Amino acid sequence: MGRSKGRGLARAAAAMLATGLVAAGTIVGATAASAAPGDESGQHQGGAVATLDGLKTYGTAQLNTGKGKKPQELPAGLFEMKVDGGGTIQTYCIDFHTPTKDGAKYLETPWDQSSLGANSDAGKVRWILQHSYPQVNDFDALAKQAGTGQLDAKTAAAGTQVAIWRFSDKADVTAKDENAEKLADWLEANAENVAEPKASVGLSPAAVSGKAGEKLGPITVHTDAGQVSVAPPADAAASGVQVTDKDGKPLTEAADGSDLYFSVPDDATDGSASLTVQATTSVPVGRVFAGLIKSQTMILAGSSESTVSATATATWAEKGAVPAVTAEKNCAKGGVDITASNTGDEAFTFELAGTEHTIPAGETRTVTVPVGEDEAYDFTITGPGGFTKNFKGVLDCETAGTPAPGDDTTTQTGSEPSPAPAASTPATEGDLAATGGSSATPVIAGVAIALVVLGGGAVFLLRRKKPQTSGE
């Protein structure tokens, strides 16, 4: 099958899937409405939260769009974001066919929940970030090492972005400036795969449960910072709930690998509480930032001292079901994992996407809800005693892909130099196409899911949760 034909089928599948989600509405519990900017409830897994402030330092790149066609010019360089709570970060784009949205909210995100998760060259992107601007801001030294002519902030940023796109998007792209192009070539030729950086701060699991009189946990701290502060529940003085170590000693500080527990008094009434860990630190270079709405995925290139945090919750009850529920994107399965545990003495039954699920006492299971690429999701879990959890976001696990020769899809990076290289609305075509491939397998899978949804149901994968390990 030709690539253009495959992309046409992909568009049809995407349209069918989107229509199915809207039509099914209350049946599947997912809507196509984007998460509201500023609302990261239920999906922030810890780390920096930032707002896009535009493209600030850039030059010009040229995208080869096909034989006999004039190269398409586009801006290439560094974006800036303002971190909630203070500080700024600089980022490069790793999905340049998707437009940015000025003022979009972004969350620090693990690689496996982004397009880098399935990219064998992801580590080379981080190497480039470590060995070029702005991490290396001595332009004379950088030019000498790379064998280029004179560099400045704009040409160094352009050359770095071009090199990144060659790995992140598999793009046939060059820098318009000769010295920026030489820098891009040097970075591409010398890049090595290096490991994903740790999260600036995170907690796992993000929810626990149990009975009053017990220590609920452990909740493990993951952080690149030397130390984090630990804030107890807001009503700790009244409820008596404390945050402690495994021996019951109250904690106000913790480090990477520390285990935290909620210590709940014997006489505590059924309820819930939360703890927050926070640090002022530089977010590690190479951390991915994904938009809460559809907007170019970014990767961190530089950071001021910024405020980062993570939150975990605990639920307890004297008897009955005692649930804890978390969610995270599962790019490998093309959906969202909803993980529910039940430490109570009765089964926990909940409804998700129009289907009822039961978690026996003492067990943990995961429901994988299929979501189309680039589709928004909005799931609410309800349970006994007014228990409710809501999870929203956008599944963005693939780069948009380079348009095939003759395709009428245009590159969506825009050409405006300020404040951002952005179109005002995201592209709706070509998003299911696999970068650089022509296989119809993803298209067939998309059509199959769409038909299931349109038929009035949804496919759910239940599996027993494997023991959790730290990947940060």
Side-chain angles (χ1 to χ4, degrees), residues 1-8 10-11 55 57-79 92-100 115-116 118-122 124-125 128-129 132-133 146-149 151 154-191 296-299 398-417 420-423 426-427 429-439:
M1 179 183 293
R3 190 156 184 254
S4 294
K5 187 174 180 181
R7 288 171 64 84
R11 292 174 190 156
L55 184 67
T57 306
Y58 61 93
T60 303
Q62 294 180 319
L63 173 68
N64 181 10
T65 56
K67 186 177 181 180
K69 286 193 173 186
K70 183 179 179 181
Q72 180 180 343
E73 292 194 354
L74 61 155
L78 278 167
F79 291 83
Y92 287 107
C93 160
I94 54 172
D95 186 6
F96 80 117
H97 283 290
T98 299
T100 55
S115 59
L116 287 188
N119 188 334
S120 60
D121 290 324
K124 293 182 179 180
V125 173
I128 290 170
L129 295 168
S132 193
Y133 182 69
T148 72
L151 293 171
K154 290 183 177 181
T155 53
T160 305
Q161 177 66 92
V162 165
I164 288 171
W165 278 335
R166 291 174 183 175
F167 290 118
S168 66
D169 292 68
K170 313 300 182 186
D172 183 1
V173 62
T174 60
K176 192 170 183 179
D177 178 86
E178 180 182 0
N179 292 325
E181 174 63 9
K182 288 181 179 179
L183 174 61
D185 288 344
W186 178 80
L187 291 168
E188 179 185 15
N190 288 277
Q296 285 180 5
T297 305
M298 303 285 181
I299 192 163
E398 302 174 11
T399 56
T402 303
D407 199 320
D408 59 1
T409 303
T410 57
T411 303
Q412 295 295 317
T413 49
S415 58
E416 296 297 324
E429 294 187 329
D431 292 337
L432 290 181
T435 302
S438 60
S439 172

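Just so it is clear, the structure is predicted and the values come from calculations on it, not from any experiment.
Counting heavy atoms from C-beta outward, D169 and D95 have side chains that approach closer than 4.5 Å. Proximity of Y92 to I128: side-chain heavy atoms (C-beta onward) are nowhere separated by under 4.5 Å. Residues T399 and T297 fail the side-chain proximity criterion, which asks for heavy atoms closer than 4.5 Å. Residues Q161 and F96 are not in side-chain contact: their nearest non-hydrogen atoms beyond the backbone lie 4.5 Å or more apart.
Here the CG-CE distance, from L78 to M298, works out to 10.5 Å after rounding to the nearest 0.5 Å. Between L183 atom CG and T160 atom OG1 the span is 5.0 Å, to the nearest 0.5 Å. Rounding to the nearest 0.5 Å gives a distance of 9.0 Å between OG of S115 and CD1 of I299. Atoms NZ and OG1, on K182 and T155 in that order, are 12.0 Å from each other to the nearest 0.5 Å. With rounding to the nearest 0.5 Å, the separation of OG1 in T174 from CG in N64 is 8.0 Å. T100 OG1 to L55 CG: the interatomic distance, rounded to the nearest 0.5 Å, is 8.0 Å.
Counting only distance, with no hydrogens or angles, the side chain of N179 and the backbone of G149 share a donor-acceptor pair below 3.5 Å. The main-chain N or O of A163 is never found under 3.5 Å from a side-chain atom of E188 such that the two would form a donor-acceptor pair.
Listed here is the closest heavy atom pair of Q72 and L74: O-CD2, 3.4 Å. Smallest separation of non-hydrogen atoms from V173 and A61: CG2-CB, 4.0 Å. Taking each heavy atom of F167 and V125 in turn, the nearest pair found is CB-CG2, 3.8 Å. Residue W165 comes nearest to P75 through the heavy atom pair CH2-O, 3.6 Å, listed as atom of the first residue, atom of the second, then distance. Scanning both residues, G159 and A184, for their nearest heavy atoms gives O-CB, 3.3 Å. Closest approach of S132 to A156, counting heavy atoms only: OG-O, 4.5 Å.
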message: Evaluate I164 against L187 for side chain to side chain contact (heavy atoms under 4.5 Å, CB included), listing each step before the verdict.
response: CA-CA 9 Å; I164 288 171; L187 291 168; over 6 Å; no
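The pair R166-D121 fails the salt-bridge criterion, with no side-chain N (NZ, NE, NH1 or NH2) lying under 4.0 Å from an Asp/Glu carboxylate O.
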